[in-house]
Amino acid sequence: MEKILYRSTNRKSDLVTFKEAVLKGQPSDYGLFIPLEIPSIKKDEIDSFKNKQYYEIAFTVLSKFLKDDINPEDLFKIVKNSYNFEVPLAKIEGNLYLLYLDRGPTFSFKDFAARFMAGIMEYYAKQDNLKLTVLVATSGDTGGAIANAFYEKENIKVVVIFPKDEITEIQRKQMTTLGENIISIALKGKFDDCQNLVKIAFNDPDLKNLTSANSINIARLLPQSTYYFYAFSRLNYEKVCFSVPSGNFGNLMGGVIAKKMGLPVEKFIVAVNENDEFPNFLKTGIYNPIIPPKKCISNAMNVGHPSNLARLIDLYGGWIYDERNKDGKIIKYGILKEKPDMESLKNDFISFSITDEEVAETIKKYYLKYKTLLDPHGAVGICAYEKANLNYPVISIETAHPGKFPEVIEKILGFEPEIPKDLKNLISKKEKYTILENSYKELKDFLLDLK
Ligand SMILES: *Cc1c(COP(=O)(O)O)cnc(C)c1O
């Protein structure tokens, strides 16, 4: 047994096992967990993926990390159960392909991470006979993916807190119509208030076995490397590039891990919306986070200081962190303490900021020319692909179903996109949620009453 251990990007916390990293979520020095070493996959093993199903490829890739942490039969079950939906890869034109990660139960690529993490947490909760409460604040989409992924998982309750008047009806119904172990709270406040109350709860010693499911959890990162191997295996090329619509860079980091494991990726196109801190950084070596972020129609990518940037910079030899006061409150964002190897960053990444106007033009063009209906996030990826103009095959990632954005699409194309049946069915489902004031005492009493 030689388990892979995990260290913190802030270099001040001890090494932990995968299980500890999953249950802890974040190291106590406020860094992010990252594997001490990245295992490799041999070329002939990658070649053998050609004839394999998605879940088989995902199992092989994840086994490289987890074979000494979780017994293979259990890992196989978790993976097979997580990836029980289609992952189409379509040729659009010439050397451009589109990888559809929007066919999971909540029609967003977040399902790939959330479903695996839910399986892993259930496994550990049962192993130690723990009753866990997963507490998440959501501004919309993450809550739905988490709620759906944890639905009916044993030994786990999920409490999602969303800003009462700031999410769409569909987003709300993806959380509030499930029932069973999924409990929803509409907070009379903003997303920041939700996040703030959740943070206080995590530091409250009266509340036991609270777990976070946020996007920086290592159990959400590792599974996001699997679709890169899958996409590569469906094509016949020596090397490919990926165009990745990016916000917090979790998707991108999955790809970077795949590349470090041995997947022949020539370049990643880091496609961002008008929040252009990363392309500027690549160009100048100076990092200026955008706080608060700009609001664009690709709203899941409205991030001006990507949380996973700390992992990316770390893997390229640098160190970036947020300065905090002794209560843990951030007082200065994104301090670049050690510069990464800019040469190799520029070698492996090319990055473009895409305006909302360009997104609209891209959606129009690809619909009229190729009968391909893109969502606003996928369109950022495609537009960046056009700007990159690379001499390699490019796989661009579609991260959400266009049917989730009927108003945006209607405005651009003049008609409503087809809405997936399961999304439509939500409309008539019965909702259950509790409305709370923006007060920690109310939340705490609510959580204590759950027991
Ligand atoms: C979360 C999300 C993104 C951004 O992914 P990151 O991993 O945060 O970079 C892009 N598109 C959609 C639809 C998303 O939900």
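For ligands, and for the atoms within them, numbers begin at 1 and follow the listed sequence. Counting begins at 1 with the first residue of the sequence.
When each atom of ligand 1 is checked for a heavy atom of G250 under 4.0 Å away, the hits are 6 (P), 7 (O), 9 (O). Which parts of ligand 1 touch A400 is read off a 4.0 Å heavy-atom cut-off, strictly below it: atoms 13 (C). Residue-ligand proximity, S246 to ligand 1, at heavy-atom distances under 4.0 Å covers atoms 9 (O). Proximity to F109 (heavy-atom distance under 4.0 Å) selects the following atoms of ligand 1: 1 (C), 2 (C), 3 (C), 5 (O), 7 (O), 14 (C).
Between E93 and K369, none of the side-chain N atoms (NZ, or NE/NH1/NH2) sits under 4.0 Å from a carboxylate O, so this pair counts as no salt bridge.
The closest side-chain heavy-atom distance from R172 to S184 is not below 4.5 Å.
For atom 14 (C) of ligand 1, the closest heavy atom belonging to the protein is K110 NZ, 2.9 Å. Among protein heavy atoms, the minimum distance from atom 8 (O) of ligand 1 is reached at N248 N, 2.8 Å. Among all protein heavy atoms, the one lying closest to atom 9 (O) of ligand 1 is G247 N, 2.7 Å. Counting only heavy atoms of the protein, atom 11 (N) of ligand 1 lies nearest to T399 OG1, 2.7 Å.
Residues D314 and T9 bring no donor and acceptor atom of their side chains to less than 3.5 Å of each other. Checked by atom type, the side-chain pair Y54/T226 shows a donor-acceptor distance below 3.5 Å. Looking only at atom types and distance, the side chain of D348 has a donor-acceptor partner in the side chain of Y316 under 3.5 Å away.
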Working note: N217 + R220, criterion side-chain hydrogen bond (donor to acceptor under 3.5 Å, both in side chains); need CA distance, chi angles, decisive distance, verdict.
CA-CA 5 Å; N217 197 297; R220 277 181 65 170; over 6 Å; no

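Take A379 and apply the side chain to side chain contact (heavy atoms under 4.5 Å, CB included) test, not counting sequence neighbours, and it matches V359, T362, I363, L374.
Ring geometry, Y228 versus F268: the interplanar angle exceeds 60°, so the pair is classed perpendicular (tilted spans 30 to 60°).
At a heavy-atom cutoff of 4.0 Å, ligand 1 is contacted by no atom of Q224, backbone or side chain.
In the candidate list L221, N251, V244, D102, N251 is nearest to atom 7 (O) of ligand 1, counting heavy atoms.
Considering backbone and side-chain atoms together, F249 places an N or O closer than 3.5 Å to an N or O of ligand 1.
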